[in-house]
There are 2 protein chains.
Amino acid sequence: MSVSNLTDHLGYWLRMVSNAVSQDFARKVASEGVTVAEWVFMRALFEKDETAPTALAARMGMTRGAISKLADRLEAKGLVERLEAGGRGQILSLTPEGRSKVPALARMADENDAEYFGGLSRDDQAALARLLGSLVERRGLGTIPLD
Amino acid sequence: MSVSNLTDHLGYWLRMVSNAVSQDFARKVASEGVTVAEWVFMRALFEKDETAPTALAARMGMTRGAISKLADRLEAKGLVERLEAGGRGQILSLTPEGRSKVPALARMADENDAEYFGGLSRDDQAALARLLGSLVERRGLGTIPLD
DNA sequence: CGAGATTTGTTTCCTAGTCAACATGAAATG
DNA sequence: CATTTCATGTTGACTAGGAAACAAATCTCG
């Protein structure tokens with residue numbers, strides 16, 4: 001009947017490794033009262049504050065709905081604030097408290113990465129980065145609107 | 001202050017690519033009325049039928065609770081059945097209908113993989129497979145109990 | 001044998017994110 | 001200008017899965 005092996009699919013292993021990495025990371029940042037998506041959200045604003053929700057959605061590869069709810073949670077935690085921007089538009093910005101949390105979280109991200117990928121040789125790490133970068137570029141994943 | 005870039009982390013790119021691949025695949029298999037997790041579940045049984053829920057959970061890297069719910073859904077769709085196995089234990093098995101769906105789904109998995117990774121050279125594909133395999137092994141992800 | 005310890009599958013609670021419908025404001029077109 | 005079109009952010013319904021508390025059955029040893 002010729003059914004390809006499940007384990008032949010790169011997508012399968014990619015999902016398996018990615019889930020493991022993310023779950024471990026989730027446990028780590030939970031100690032700071034933050035989820036992975038919230039961290040990405042904050043990190044994105046840290047890099048370029050004062051961003052509109054729609055733009056952030058594109059950058060994070062999520063829907064506007066998800067961003068809206070994330071913003072709700074982060075606002076409730078006092079880490080992010082919504083600034084009005086004429087008419088219906090709004091601007092998302094880190095609060096000082098939110099901003100002050102970023103370094104500790106970044107350290108956790110470093111640790112988690114080291115824990116998973118530190119075992120690979122320098123060359124292998126570079127190769128993995130190159131391959132992922134190539135895939136991202138090919139499918140226009142990071143390219144959306146970084147404006 | 002020295003905060004590492006979000007994009008410096010391999011875990012970040014891994015998640016980004018993995019999510020994109022999985023989401024696309026999800027759309028494809030949805031046409032067969034199945035989700036990604038359901039496909040992995042069925043594929044695992046196709047490879048080795050008559051497996052206990054706990055063993056399957058380990059193989060799929062999910063909790064027993066998730067498997068329990070997945071089994072509910074698949075049973076409702078008539079694709080999987082629960083066989084009693086003495087006392088509290090049970091055995092999961094594909095129904096003929098479930099089994100007959102596997103080849104079409106496998107073809108979709110092939111297509112999706114080709115769509116994402118087909119653009120890479122043979123060498124790059126092999127390299128990616130090797131790196132992912134190495135990460136899986138290092139963290140004992142697939143190794144759990146394949147008994 | 002029998003009381004505690006383990007294992008197994010289920011359930012509840014919670015967080016998360018997609019999709020689609022919506023409301024509201026801005027822009028475009030006649 | 002008025003009206004249609006479009007873009008923006010929000011909401012509700014739904015699917016998903018983890019964590020932890022459970023119930024039921026089995027094991028383990030004194």
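In what follows, chains carry the letters A, B, and so on, assigned in the order in which the sequence lines appear, proteins first and then strands, with residues in each chain numbered from 1.
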Find the distance B:Ile67:CD1 to C:dT11:P and express it as a whole number of Å.
-> 15 Å
Within residues 69-84 of chain B, those residues having any heavy atom closer than 4.0 Å to DNA chain D are B:Lys69, B:Arg73
SB check A:Arg82 A:Asp72 (cutoff 4.0 Å) = yes
In whole angstrom, give the distance that lies between atom CD of A:Gln90 and atom C1' of C:dG25.
-> 13 Å
C:dG9 phosphate, OP1 or OP2, under 4.0 Å from B:Ser68 side-chain N/O | no
First of A:Pro53 and B:Ala37 reached from the 5' end of DNA chain D, by closest nucleotide = A:Pro53
Take B:Leu14 and A:Phe117 through the test side chain to side chain contact (heavy atoms under 4.5 Å, CB included) and record every step on the way to the result.
-> CA-CA 11 Å; B:Leu14 204 58; A:Phe117 306 105; 3.9 Å; yes
How long is the line joining NZ of A:Lys28 and C1' of D:dG18, in whole Å?
-> 17 Å
Side chain A:Asp124, main chain B:Leu131, donor-acceptor under 3.5 Å = no
Are the charged groups of A:Arg107 and A:Glu111 less than 4.0 angstrom apart, N to O?
-> no
Rounded to whole Å, CG of A:Asp24 lies from P of D:dA19 at a distance of 10 Å
State which of D:dG9, C:dG17, D:dA16 makes the closest approach to the side chain of A:Met62.
-> C:dG17
Answer yes when B:Glu38 and B:Arg73 have at least one side-chain N-carboxylate O distance shorter than 4.0 Å, and no when they do not.
-> yes
Can you check the A:Arg15 CZ to D:dA16 C1' distance for me, whole Å?
-> 14 Å
Is any side-chain nitrogen or oxygen of A:Thr63 closer than 4.0 Å to OP1 or OP2 of C:dG17?
-> no
Comparing B:Thr35 and A:Ile91 on DNA chain D - which has the more 5′ nearest nucleotide | A:Ile91
Sugar-phosphate only, base, or nothing, as touched by A:Ala26 at under 4.0 Å among non-hydrogen atoms = nothing
Can you tell me if the side-chain N/O atoms of B:Thr54 get under 4.0 Å from OP1 or OP2 in C:dG9?
-> yes
Phosphate OP1/OP2 of D:dA19 contacted by A:Arg27 side-chain N/O (<4.0 Å) = yes
Is A:Gln23 near enough to D:dG17 that one of its side-chain N or O atoms lies under 4.0 angstrom from OP1 or OP2?
-> no
Return the value, rounded to whole Å, for the distance between atom CE of B:Met60 and atom C1' of D:dG17.
-> 11 Å
Presence of salt bridge, B:Glu97 and B:Lys101, under 4.0 angstrom | no
Spell out, as yes or no, whether a donor-acceptor pair under 3.5 Å connects the side chain of B:Glu81 to the backbone of B:Thr95.
-> no
Can you tell me the distance, in whole Å, between the CE atom of A:Met16 and the C1' atom of D:dG17?
-> 14 Å
Listed nucleotide nearest any side-chain atom of A:Ala66, set C:dT18, D:dT10, C:dG9 | C:dT18
